[in-house]
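Read the structure below first, then the notes.
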Amino acid sequence: MSQMRVDQSQCILCGQCVEACPFAGVVLGEESIEFTDSCRLCSICVKACPTGAIWLEKTALEPSLDLQEYQGVLVFAEQRQGEIAPVTYELIGKGLEMAKQLGHEVAVCLAGLDVQSLGEKLLTYGVDKVYLYDYPELEYFRIEPYTAIIVDLVSRIKPNIILMGATPLGRSLAPRVAARLRTGLTADCTTLAVKDNGDLVQTRPAFGGDVMAQIVTPRHRPQMATVRYKVMPPAEVTQPHGKIVHCQAEPSQLQSKITIHGFRPHQVASSITDAEIIVAAGRGIGKPEGLELLENFASLIGGVVGTTRPLVEQGWASYNQQIGMSGRTVRPRLFIACGISGAVQLVAGMRGADTIFAINTDPDAPIFDVAHYGIVGDVYEIIPRLIQIIKEGGSLDEISQVG
Ligand SMILES: Cc1cc2nc3c(=O)[nH]c(=O)nc-3n(C[C@H](O)[C@H](O)[C@H](O)COP(=O)(O)OP(=O)(O)OC[C@H]3O[C@@H](n4cnc5c(N)ncnc54)[C@H](O)[C@@H]3O)c2cc1C
């Protein structure tokens, strides 16, 4: 590993490096400066040092891998109680696109109990192989056996790219797999592209969404990414041509210290990520009680309530309701924006909605630039009128007269 070095005979303990370091990575010792665990090897101290006493010693790179040995895309198919997580189809879609560009294959790793039919279903999305691990020990997600079988599979098939959903399960599994494989992992990607040399360009928001970082892992394989749900179109069903490969796991690989005594599915509140209709509240609602009004409206039309970031920051809503660049990405059929200005960070998370309908008092609000339909008006007048019309079984014509 590279490390910072200091020539003690040159160091005059002036402290300029300590002052320049933004990470508290260097401190003044008794006889010389010392580098702490916070040092990021950024070399700002090298430039700050007036005597040239500091330098970054770069160690020779580890013997490089034969990158060409690693080919194809491996998608981890997340399933719970026989249901494939929808992000899996989106990963397959992206995997197929990238594999086609490189002339490689797309494989899926599927683990569980009695999951043969799920494997067959996955083949209908055009993948070349489904590696199937069908064991009682894999019925429920447990981190140790799931990690062990994926690592084992990867060491045998040597994929160039591994994709997992940025779901709670994927976020737990992917870092463990990456650590075992001693490779890089980019979490929470929103865009993926592959270069012709096989390098995966992984884009994700960084610094709270201020910048979109592009990350590559040019010297290691496989390249691993977790991907947000609903940021990529899913693969389409096609005539299957692939095959299922039944994989054997060693008893030692299936061991876990976690014992599951019965299983009760977790009743999650309706998630905005899966919702077909979202009534989204912005700062324009003015008071927390406004959310109750929107919840009544949402339940009447079979939707759920999401919010912009200011409402989460004010403690009116929870983070898992936040839509946008630093929140969730949503793609509902109908998105009703109530008192939302339409900042770019919000729009980044909802522009995929089929139909966007905005209610805002300001006719120049940017939300109207992305909305398909809009009403210039007060949420507290428009929503109660819509509720009334719907309760009275009003027609679309009546609704379109509102505002
Ligand atoms: C790094 C970074 C990341 C961010 N990530 C996110 C994110 O993920 N999600 C997010 O939402 N924001 C995010 N933001 C914040 C974003 O920039 C905006 O500040 C935020 O989206 C504004 O929220 P808003 O539209 O609710 O509020 P405002 O911009 O204050 O808009 C309120 C709107 O309500 C209208 N209004 C007022 N009263 C009424 C009424 N009675 N009826 C109808 N309309 C009314 C006003 O005309 C106005 O247009 C981020 C910002 C940064 C810097």
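Because the structure is predicted, anything quoted here is derived from the model rather than measured. Read the numbers this way: they start at 1 and go in the same order the structure lists the ligands and their atoms.
Tested against C338, the residues I367, I383, T307, V305 include a single side-chain contact (heavy atoms from CB on, under 4.5 Å) partner, I383.
Polar contact with ligand 1: absent for L311 (N/O pair, distance under 3.5 Å). The distance criterion of under 3.5 Å between nitrogen or oxygen atoms is not met by G282 with respect to ligand 1. Between V379 and ligand 1, a contact under 3.5 Å exists for at least one N or O pair. At a 3.5 angstrom cut-off on N or O pairs, G339 counts as close to ligand 1. Of the N or O atoms in T361, one or more lie within a sub-3.5 Å distance of an N or O in ligand 1.
For residues 277-296, no residue pair satisfies the ring pair (Phe, Tyr, Trp, His ring centres under 6.0 Å) rule, not counting sequence neighbours. Sorted by first and then second residue, the ring pair (Phe, Tyr, Trp, His ring centres under 6.0 Å) pairs with a member in residues 70-111 read Y89-Y125; sequence neighbours excluded.
Those atoms of ligand 1 with a heavy atom of D378 less than 4.0 angstrom away are 40 (C), 41 (N), 42 (N). Within ligand 1, counting atoms from 1 as listed, the ones closer than 4.0 Å to a heavy atom of S326 are 3 (C), 4 (C), 5 (N), 6 (C), 7 (C), 8 (O). Every atom of ligand 1 with a heavy atom of A343 under 4.0 Å away is listed here by number and element: 16 (C), 17 (O), 18 (C), 21 (O).
The heavy atom nearest to atom 46 (C) of ligand 1, considering only N360, V347, D362, is found in N360. The heavy atom nearest to atom 50 (C) of ligand 1, considering only E381, Q345, Q322, is found in Q345. Counting only non-hydrogen atoms, the option in T308, I340, I323 that gets closest to atom 26 (O) of ligand 1 is T308. When the options S341, G377, C338, G284 are ranked by their closest heavy atom to atom 39 (C) of ligand 1, first place goes to G284. In this structure, of R283, M325, R309, the residue bringing a heavy atom nearest to atom 4 (C) of ligand 1 is R309.
Two residues are said to be in side-chain contact when any heavy atoms from C-beta on lie closer than 4.5 Å; V87 and M232 fail this criterion.
Side-chain contact, R328 with N320: no donor N or O sits under 3.5 Å from an acceptor N or O.
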Query raised in the report: When you look at R221 and D199, which way does the salt bridge (charged side-chain N to carboxylate O under 4.0 Å, His left out) test go after all the steps?
Result: CA-CA 9 Å; R221 293 292 188 264; D199 282 355; 2.7 Å; yes
Report task. Report the C-alpha distance between E78 and T167 in whole Å, list the side-chain angles of each, state the deciding distance to 0.1 Å, and finish with yes or no for side-chain hydrogen bond (donor to acceptor under 3.5 Å, both in side chains). Result -> CA-CA 9 Å; E78 181 174 332; T167 59; 2.6 Å; yes
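The shortest heavy-atom distance from G327 to ligand 1 is under 4.0 Å.
Not less than 6.0 angstrom separates the ring centroid of F335 from the ring centroid of F357.
Using a cutoff of 4.0 Å between basic side-chain nitrogens and carboxylate oxygens, R385 and E381 are not scored as salt-bridged.
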